[in-house]
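Starting from 1, each residue takes its place in the sequence as its number.
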Amino acid sequence: MTVFIIAAVTLDGKIARDGGQVSTAWTSEADKKKFVQLTKEAGTIVMGSTTYETIGRPLPGRRTIVISRSKKYEGVEVTSESPAELITRLGREAVRSLAVCGGSSIYTQFMKAGVVTKLYLTIEPVVFGSGIPLFSEPLEAKLELAAPPERIDNTIFLTYNVLP
C-alpha cells in the first residue's frame, strides 16, 4: 500500500498559524488543485480531529477517516487505531493508497510508525514566523527526491520517497 503525507508548508516550515486555521485560507489555487487530484487518486484519506474540524465536512469523492479517541462525526469513519493498525486493516480491505492529510501530530505519528512511503510537499511563498510545524516532535527520516520540482507561479511542488 502507498501511504503518503500531503502537506502545504510555508517557507519557514509551518502548516498553519494556529490550530484553527484552514490551509486553504493561505495556500494557492495550484495547491488546492494538486490536493484534490492526489487525494481523489488515493481514494482514502486520514486526518486528525482538529484538521477535520477546520474543514468541517467530509471531502467529496474520498473515503474520510478521522483519528480520534473520543469524538464522533457524521458521514466519516472515526477510529482510535494506531497508524500501523489502521494500515493493516486497510490492507485487508484492499485499499491501495492512503493520503495522510494532517495535522502535525498525525504526520508525526505516521512517520514514526514507519508506514509513510512518500511525501508530497507544497512550498508556498509565505512566512508565518511562528505557528504549527510540519512535525510536532523530533524525528529522523531519510528522503530522496522522486521527481523534479514542479513550479506553478511562485508555488513549488516537491515529491519525496521515504527511504527505509
Report summary line: Note: Ser136 and Ser104 closest approach over all heavy atoms is N-OG, 3.0 Å
Query raised in the report: Do Tyr107 and Ile15 come within less than 4.5 Å of each other through their side chains, counting heavy atoms only?
Result: yes
Query - Salt-bridge present (Arg96, Glu41; N to O < 4.0 Å) - result: no
**Report entry** Any side-chain heavy-atom pair of Leu121 and Phe157 under 4.5 Å
**Finding:** no
**Report entry** Over 12 foreign heavy atoms within 6.0 Å of CG, Asp18
**Finding:** yes
Requested in this report: Considering non-hydrogen atoms only, spot the tightest contact between Arg62 and Val36 and give its length.
Outcome: NH1-CA, 4.0 Å
Requested in this report: Please confirm whether the backbone N or O of Thr27 pairs with a side-chain atom of Lys32, one donor and one acceptor, at under 3.5 Å?
Outcome: yes
Report task. Determine, using the 4.5 Å side-chain heavy-atom cutoff (strictly less than), whether Val116 and Val46 are members of one ILVMFWY cluster. Result -> yes
**Report entry** Contact check, side chains of Leu59 and Thr39, non-hydrogen atoms, under 4.5 Å
**Finding:** no
Query raised in the report: Side chains of Thr10 and Val127: does their closest heavy-atom pair fall under 4.5 Å?
Result: no
Query raised in the report: Going through the distances and angles, do Ser28 and Thr155 end up as a side chain to side chain donor-acceptor pair (under 3.5 Å)?
Result: CA-CA 7 Å; Ser28 62; Thr155 299; 3.2 Å; yes
Query raised in the report: Does Trp26 belong to the same Ile/Leu/Val/Met/Phe/Trp/Tyr cluster as Leu134, with side-chain heavy atoms less than 4.5 Å apart forming each link?
Result: no
Report task. With sequence neighbours left out, write down each residue that passes salt bridge (charged side-chain N to carboxylate O under 4.0 Å, His left out) with Lys33, or none if nothing qualifies. Result -> none
Query - Side-chain donor or acceptor of Glu85 paired with backbone N/O of Glu81 under 3.5 Å - result: no
Query raised in the report: Is the number of heavy atoms from other residues, nucleotides or ligands within 6.0 Å of CD (Glu74) greater than 12?
Result: no
Query raised in the report: So, does Thr122 use its side chain to make a donor-acceptor pair with the main chain of Asp31 at under 3.5 Å?
Result: no
**Report entry** Sub-4.5 Å side-chain heavy-atom contact between Met1 and Leu98
**Finding:** yes
Requested in this report: Identify the heavy atoms of Val100 and Phe110 that sit nearest to each other, and give their distance.
Outcome: CG2-CD2, 3.8 Å
Report task. Would you mind checking if Glu77 and Arg89 are paired as a salt bridge, meaning a charged N to carboxylate O distance below 4.0 Å? Result -> yes
Requested in this report: Using distance alone, with no hydrogens and no angle criterion, decide if Ser105 and Gln109 have a side-chain donor and acceptor under 3.5 Å apart.
Outcome: yes
Query raised in the report: Do the ring centers of Tyr52 and Tyr73 come within less than 6.0 Å of each other?
Result: yes
Query raised in the report: Heavy atoms, side chains only, cut-off 4.5 Å: are Leu90 and Arg63 in contact?
Result: yes
Query raised in the report: How about Leu119 and Met111: do any of their side-chain heavy atoms sit closer than 4.5 Å?
Result: yes
